[in-house]
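To start, the structure under review is shown below, and the notes come after it.
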Amino acid sequence: MTKHLFLFTITPVQSFVEQARKTQDLYAGSFLLSHLCRTAIKKIESDYSGCIIFPDIKNPSIPNRFVAIIDAEDDKLKGIGNSLQKEVEKEFTKIAKAVIDNLKIDKPNGVDEQIENYFTINWLFLPFDEKDYKQHYAEIESLMGAMKTVRVFKQFSDAEKGRKCSICGERNVKFYRMTGKEKDENDVKSRKLFSNDVHVVENKNCDPITLRYLRAGEGLCGVCLTKRCLDKSGFSGYQANFPSTAKIALFDAFKTLKEKNTDLSNLIDSDNYEPQGIFALKNKKKLEDDFKDLSDTEKQKTQELYDTLQKHKIDYSPYYAVMLFDGDSMGDWLSGDRVKDDMLKEFHNALTEKLGIFANVVREIIKEPIGVTVYAGGEDFLGFFNINHLMGGMRTLREKFDKMVSEPLKKSGFFKDESSNLTFSAGVVIAHIKTPLSEVLNWARKMEHEAKEFWDGTKDAFSIAVLKHSGEIAKTVFKWKYNSQFVPDTISEIAFEIKADRLSNTFIKKLNQEMLRLTDKDGKYTENLIIKTELKRLLSRSCMRVKDESKDDFEKRRQETASNLTTRLSVLLAEGETTDNFLSFLNIIDFIARQIKGEVQCEN
């Protein structure tokens, strides 16, 4: 038998995962893709004694691809590849069937076609010698890239004429719930859906397809219904009640509430209330008007939680955050360009192990009340954060990556350049709970790209965008740290000082007015000393004396705060490429501080 290097991929990835209207859709897409790739990995291990190079199969979140080594005769390779492909296709079909069967509904014509034709699976074998692992790995990646430039597809038999899915907008609606004004199913099919091959549900919250799965006026294709109702497939380990953006925004408030009133812990952890209804009540709205589909019990429990939050004067914001990060220059690392000669395979094995350990730690860190993890593959991550814990969470992840991945690999002697490090760049978006999730995810992807392209192109940066409910957008981008000082720590410190009324935000407002006068036509400043002196003066004047603080203590704190923040902010001003980037940085800090302080009224 001949030893072969094997590469297997499932696509699409980004569209399958990120085409989502709910956080549950997003999580389901990620979970399902990991499951399907794991299905192929288990088969190659059990049936063909394949040795997986990466990813780490023990990791709950694995990517859409894997690399393995397998011993096989050349005339058996096509059969092995086809069997793995068929196993994945069969598994996806089985899952979709289980969802529909457990919902106890009829399957419209065309659903099977949508499921069977959705994923594109590519695989490739390459004979290789252990001594030439680096060369063969580069070759197999190149060949796979060439394969993906040509996509084989099947034409749908009905040419897909009809209304498109509310989530993906690509495939025909196969499941639809009528609105309150729609009464005649046949009329809806002919005038709105333009197809008779649709399972139409009445406008009432009842089994088998409850409003949790399909809202009034919403229509889903077979693929998106499978994602939305994945809990009906019988998966173990699947999180059926993934928190909504509104609940994530309430994480910190609920933590405080549990500490003050332990009797509400079970209610907070249940599904017997509507988190978004709490924000509606804060805006003086009535649940009867905006949430007509809620049961009387759900309305009562929502009102009870709102009243208790008010009673204890617990602040909460209608904003949450999404973070997306991806390892920097991973192609160079995996191809061996940055790894010492003849050590690539050992590096791949070690990297797989370290990333798997790191991914497990990430899931342990990013959980309530800090946030919730959608996907943690090691060198990439997608998750939600409560705004109160965003900066601390960002800093912790970046620091842990250094300690658990980059530093151990460097100490093992893999790196060709001892001054280089494994890093990641992140895109972060702070958004209102009513901003469409698809828009937030698009911005997160855009911010990640801007972080990787920042200034000198060395990456290892993060970019933040704030999508205000008013439509205003602010964004900024910086390296993770300067002079060994993490930038998120600076954001946290200033935001805390403003929240605690120890520092006024007037220095930010004044700088916005003054610095624009000192910039040239390219948005850059030239008077370093003047700006640094003015920054220190404004910071000193913005320090506020707190209750029971002596005059001497206040004076000492004011001098220390002004000196410390002037030093740190001066570095960011110099490194921030443009004055606008620096001012946006300060304005975003001010926005975060006002949100966690509860100063900003919950917006409609």
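- In this structure, the side chains of Asn388 and Ile592 stay at 4.5 Å or more apart for every pair of heavy atoms.
- A donor-acceptor contact shorter than 3.5 Å links the side chain of Gln24 to the backbone of Gln239.
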* Thr506 and Ser542: side-chain hydrogen bond (donor to acceptor under 3.5 Å, both in side chains), yes or no, with the steps? -> CA-CA 6 Å; Thr506 53; Ser542 294; 3.1 Å; yes
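- Between the CZ atom of Arg21 and the CG atom of Leu26 there is a distance of 14.5 Å, given to the nearest 0.5 Å.
- Between the side chain of Ser34 and the main chain of Ile62, a donor-acceptor pair closer than 3.5 Å is present.
- Rounding to the nearest 0.5 Å gives a distance of 11.5 Å between CZ of Phe254 and CG of Asp252.
- In this structure, Glu549 does not pair ionically with Arg502, as no charged nitrogen and carboxylate oxygen lie closer than 4.0 Å.
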* To do: Please step through side-chain contact (heavy atoms from CB on, under 4.5 Å) for the pair Asp269 and Lys258, ending with a clear verdict.
  => CA-CA 10 Å; Asp269 294 335; Lys258 285 179 180 180; 2.9 Å; yes
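- Two residues are said to be in side-chain contact when any heavy atoms from C-beta on lie closer than 4.5 Å; Leu355 and Pro55 fail this criterion.
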* Asked: Going through the distances and angles, do Asp315 and Ile596 end up as a side-chain contact (heavy atoms from CB on, under 4.5 Å)?
  -> CA-CA 7 Å; Asp315 297 323; Ile596 62 178; over 6 Å; no
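- Within the model, atoms CD of Gln19 and OG of Ser166 stand 12.0 Å from one another, a figure rounded to the nearest 0.5 Å.
- Heavy-atom neighbours of Lys286 NZ from other residues, nucleotides or ligands within 6.0 Å: at or below the threshold of 12.
- Judged purely by atom type and a 3.5 angstrom limit, Arg545 has no side-chain atom pairing as donor or acceptor with the backbone of Phe554.
- Taken from CG in Asn59 to CD1 in Ile357, the straight-line distance is 11.0 Å, to the nearest 0.5 Å.
- Salt-bridge formation is detected for the pair Arg568/Glu493: a Lys NZ or Arg NE/NH1/NH2 atom is positioned less than 4.0 Å from an Asp or Glu carboxylate oxygen.
- Ion pair Lys452/Asp328 flagged as a salt bridge, since at least one NZ, NE, NH1 or NH2 atom sits closer than 4.0 Å to an Asp/Glu carboxylate oxygen.
- Ring geometry, Phe415 versus Trp333: the interplanar angle falls from 30° to 60°, so the pair is classed tilted.
- Under the 4.0 Å criterion applied to side-chain N and carboxylate O atoms, Lys247 and Glu368 are not assigned as salt-bridge partners.
- Glu497 places a side-chain heavy atom less than 4.5 Å from the side chain of Arg557.
- In this structure Phe242 satisfies the ring-ring contact (aromatic ring centres under 6.0 Å, His included) test together with Tyr27, sequence neighbours excluded.
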* Asked: Given Asn386 and Tyr316, is the side-chain hydrogen bond (donor to acceptor under 3.5 Å, both in side chains) satisfied, shown in steps?
  -> CA-CA 10 Å; Asn386 178 272; Tyr316 49 96; over 6 Å; no
Cut-off 3.5 Å, no hydrogens considered: what does the side-chain donor-acceptor table look like for residues 375-384, sequence neighbours left out?
unit_1, atom_1, unit_2, atom_2, d
Glu379, OE1, Gly327, N, 3.3

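- Between the side chain of Trp480 and the backbone N or O of Phe424 there is at least one donor-acceptor pair closer than 3.5 Å.
- Residues Lys479 and Thr458 have side chains that bring a donor and an acceptor to within less than 3.5 angstrom of each other.
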* Asked: Can you check side-chain contact (heavy atoms from CB on, under 4.5 Å) on Gln485 and Tyr482, steps first, answer last?
  -> CA-CA 5 Å; Gln485 176 72 50; Tyr482 297 97; 5.8 Å; no
* Ile589 and Asn505: side-chain contact (heavy atoms from CB on, under 4.5 Å), yes or no, with the steps? -> CA-CA 9 Å; Ile589 294 176; Asn505 64 355; over 6 Å; no
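- Contact of the Phe291 side chain with the Lys299 side chain is not registered, since no non-hydrogen atoms from C-beta on lie closer than 4.5 Å.
- A salt bridge is defined here as a Lys NZ or Arg NE, NH1 or NH2 lying under 4.0 Å from an Asp or Glu carboxylate O, and Arg558 with Glu555 meets this definition.
- Between Arg363 and Asn360, the side chains place a donor N or O and an acceptor N or O closer than 3.5 Å (distance only, hydrogens not considered).
- Here the side chains of Arg171 and Val223 are in contact, with some heavy-atom distance below 4.5 Å.
- The distance from the OG1 atom of Thr566 to the CD1 atom of Ile531 is 12.5 Å, given to the nearest 0.5 Å.
- A salt bridge between Glu259 and Lys255 is present, with a side-chain N of the basic residue lying under 4.0 Å from a carboxylate O of the acidic one.
- Applying the 6.0 Å contact sphere to NE2 of His312 captures more than 12 heavy atoms from other residues, nucleotides or ligands.
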* Trace of the salt bridge (Lys or Arg N to Asp or Glu O under 4.0 Å) decision for Asp590 with Arg594 -> CA-CA 6 Å; Asp590 184 33; Arg594 288 184 290 118; 3.5 Å; yes
Per-pair distances, 0.1 Å, donor-acceptor, side chain in residues 273-281, under 3.5 Å, sequence neighbours excluded:
unit_1, atom_1, unit_2, atom_2, d
Tyr273, OH, Ile268, O, 2.8
Glu274, OE2, Gln276, N, 3.0

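- Under 4.0 Å is where a charged nitrogen must lie from a carboxylate oxygen, and between Lys311 and Asp307 no such pair does.
- Checking Asp402 against Asn421 by side-chain atom types alone, no donor-acceptor pair falls below 3.5 Å.
- Considering only heavy atoms from C-beta on, Val17 stays 4.5 Å or farther from Leu32 through its side chain.
- A heavy-atom distance below 4.5 Å is not found between the side chains of Lys410 and Asp417.
- Between the Ser425 side chain and the Asp460 main chain, a donor and an acceptor come within less than 3.5 Å of each other.
- In Lys459, the NZ atom is crowded: over 12 heavy atoms of neighbouring residues, nucleotides or ligands sit closer than 6.0 Å.
- Geometric assessment of Arg398 against the ring of Phe462 yields a negative cation-pi assignment under the 6.0 Å and 45° thresholds.
- Using a 4.0 Å cut-off between charged side-chain N and carboxylate O, Arg395 and Asp489 make a salt bridge.
- Annotation: side chain of Leu324 is in contact with side chain of Arg445 (closest heavy-atom distance under 4.5 Å).
- Panel note: side chain Asn512, backbone Ile508; a donor-acceptor pair is recorded below 3.5 Å.
- The pair Asp25-Lys227 does not meet the salt-bridge criterion, since no charged nitrogen lies less than 4.0 angstrom from a carboxylate oxygen.
- Counted within 6.0 Å of CZ on Phe496, heavy atoms from surrounding residues, nucleotides or ligands total 12 or fewer; the atom is thus considered open.
- A salt bridge is absent between Glu298 and Lys301: the closest approach of a Lys/Arg side-chain nitrogen to an acidic carboxylate oxygen does not fall below 4.0 angstrom.
- A 6.0 Å sphere centred on CZ of Arg537 holds more than 12 heavy atoms belonging to other residues, nucleotides or ligands.
- Ser540 places no side-chain N or O within 3.5 Å of a backbone atom of Lys536 that could act as its donor or acceptor partner.
- Remark: Ser406 OG to Phe401 CZ distance equals 7.0 Å, nearest 0.5 Å.
- Asp501 and Lys597 are joined by a salt bridge, as a carboxylate oxygen and a charged side-chain nitrogen come within less than 4.0 angstrom of each other.
- Outside the 6.0 Å centre-distance limit, the rings of Tyr320 and Phe385 are not counted as a close aromatic pair.
- In this structure, Thr476 contributes its side chain and Asn581 its backbone to a donor-acceptor pair below 3.5 Å.
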